[in-house]
Amino acid sequence: MAASLLVLAVAFLVGAVSGGIDGGAAAPVEVEGSEVTYGSVIKLMHEKTKHRLHSHDVPYGSGSGQQSVTGFPEGDDSNSYWIIRPTPDSSSKQGDAIETGGIIKLQHMRTRRWLHSHLHASPLSGNLEVSCFGGDELSDTGDYWRLEIEGSGKVWKRDQKVRLRHVDTGGYLHSHNKKYNRLGGGQQEVCGVREKRAENIWLAAEGVYLPVNGSK
């Protein structure tokens, strides 16, 4: 059974990496494994509110006008999957484990845009706006996030508390229970704040986790 799931997961990921995922793609199957690796397709759960990091092809009505990012309350939403990528100047490759201090990019699976931040004000709280930007052929350093693992762990694992700090602005990926009135389903604001707070904590949740390179 485990081998069959792995085959299905790898087949799915080949499509995701090559850009073959369309709006009607089925949700990824979940594969057992403790490490979070480059190339994995995951959901990030906000530890405080249990909402998943989410995006959709709806622009902000203020600030940058880029694709909006929210926290979504349901775990089965297909717009909450993100592909973990290394930066272009990194020697890391698909299947490599991700260590604390490593810089990653998060690509929204459905729209192919990158989790991004900048100095625009977020709509509800006036903190740093977090958006989705670019695409397969367009990215910049505003898409770079540094992994900070809570506690003594050195390698990112599932269900482990982490923070993601935006490289350009120094803001931590953050959410809280302020809800958007114009968006259905109880979606809440995601933004960046420069201070460490309990609301900066995220955990890797559902998804497809590639096995670590070199593991048996």
Side-chain angles (χ1 to χ4, degrees), residues 12-21 25 28 35-46 52-57 60 64 66-71 78-120 122 128-149 155-158 160 162-175 190-193 200-210 212-213:
F12 171 83
L13 282 163
V14 167
V17 170
S18 66
I21 300 299
E35 292 88 358
V36 181
T37 54
Y38 288 109
S40 294
V41 182
I42 69 168
K43 293 185 179 182
L44 282 170
M45 184 179 74
H46 187 240
R52 272 62 170 179
L53 185 69
H54 172 97
S55 191
H56 39 230
D57 196 9
Y60 284 120
S64 68
Q66 293 175 3
Q67 182 173 302
S68 56
V69 174
T70 64
S78 61
N79 273 318
S80 300
Y81 283 108
W82 302 83
I83 308 167
I84 306 174
R85 310 283 198 189
T87 58
D89 59 350
S90 170
S91 61
S92 298
K93 56 188 180 301
Q94 185 166 297
D96 283 351
I98 306 170
E99 297 183 353
T100 190
I103 298 175
I104 66 171
K105 299 169 65 180
L106 290 167
Q107 186 173 31
H108 189 242
M109 191 185 78
R110 178 162 287 186
T111 65
R112 314 300 294 176
R113 297 189 176 111
W114 304 98
L115 186 70
H116 185 87
S117 190
H118 35 219
L119 297 178
H120 291 283
S122 62
L128 298 168
E129 182 189 274
V130 172
S131 64
C132 271
F133 166 80
D136 288 322
E137 305 301 325
L138 177 61
S139 178
D140 62 27
T141 59
D143 308 330
Y144 290 10
W145 299 84
R146 187 182 304 278
L147 177 72
E148 296 183 5
I149 296 175
V155 176
W156 191 6
K157 296 184 178 180
R158 294 178 62 185
Q160 184 176 41
V162 301
R163 287 184 171 89
L164 292 172
R165 190 172 193 181
H166 190 244
V167 171
D168 281 359
T169 65
Y172 288 99
L173 187 66
H174 183 91
S175 192
V190 171
C191 58
V193 298
N200 303 152
I201 299 292
W202 301 81
L203 301 94
E206 304 88 354
V208 177
Y209 291 77
L210 290 183
V212 177
N213 282 327

| request: Please report the shortest heavy-atom distance between Thr100 and Ile149, naming the atom on each side. | output: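 In this case the closest contact between Thr100 and Ile149 is OG1-N, 3.1 Å.
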| request: Pick out which of Arg52, Arg110, Lys43, His54 makes a side chain to side chain contact (heavy atoms under 4.5 Å, CB included) with Tyr81. | output: Lys43
Quick one: does any side-chain atom of [X] pair with a main-chain N or O of [Y] as donor and acceptor, under 3.5 Å?
X: Glu129; Y: Ser64; result: yes
X: Ser90; Y: Ser92; result: yes
X: Arg158; Y: Ala204; result: no
X: Tyr60; Y: Val69; result: yes
X: Thr37; Y: Asp96; result: no

Find out whether [X] and [Y] are in side-chain contact, i.e. whether some heavy atom of one side chain is under 4.5 Å from a heavy atom of the other.
X: Leu44; Y: Leu203; result: no
X: Gln66; Y: His118; result: yes
X: His116; Y: Asp140; result: yes
X: Val162; Y: Val36; result: no
X: Leu119; Y: Leu128; result: yes
X: His166; Y: Trp145; result: yes
X: Leu147; Y: Leu164; result: yes

Supply the atom-to-atom distance [X] [atom1] to [Y] [atom2], rounded to the nearest 0.5 angstrom.
X: His174; Y: His46; atom1: NE2; atom2: NE2; answer: 6.5 Å
X: Leu53; Y: Trp82; atom1: CG; atom2: CH2; answer: 4.5 Å
X: Leu106; Y: Ser55; atom1: CG; atom2: OG; answer: 11.5 Å
X: Glu148; Y: Asn200; atom1: CD; atom2: CG; answer: 9.0 Å

| message | Before we go on, tell me: are the rings of His108 and Trp114 under 6.0 Å apart, centre to centre? | response |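 His108 vs Trp114: aromatic centres not under 6.0 Å.
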Quick one: do the [X] and [Y] side chains pair a donor with an acceptor below 3.5 Å?
X: Ser68; Y: His56; answer: yes
X: Asp57; Y: Thr111; answer: no
X: Gln107; Y: Asp136; answer: yes

| request: Examine Lys105 relative to Tyr144 and say whether NZ or CZ is less than 6.0 Å from the centre of the six-membered ring and inside a 45° cone about the ring axis. | output: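 Not flagged: Lys105 not positioned over aromatic ring of Tyr144.
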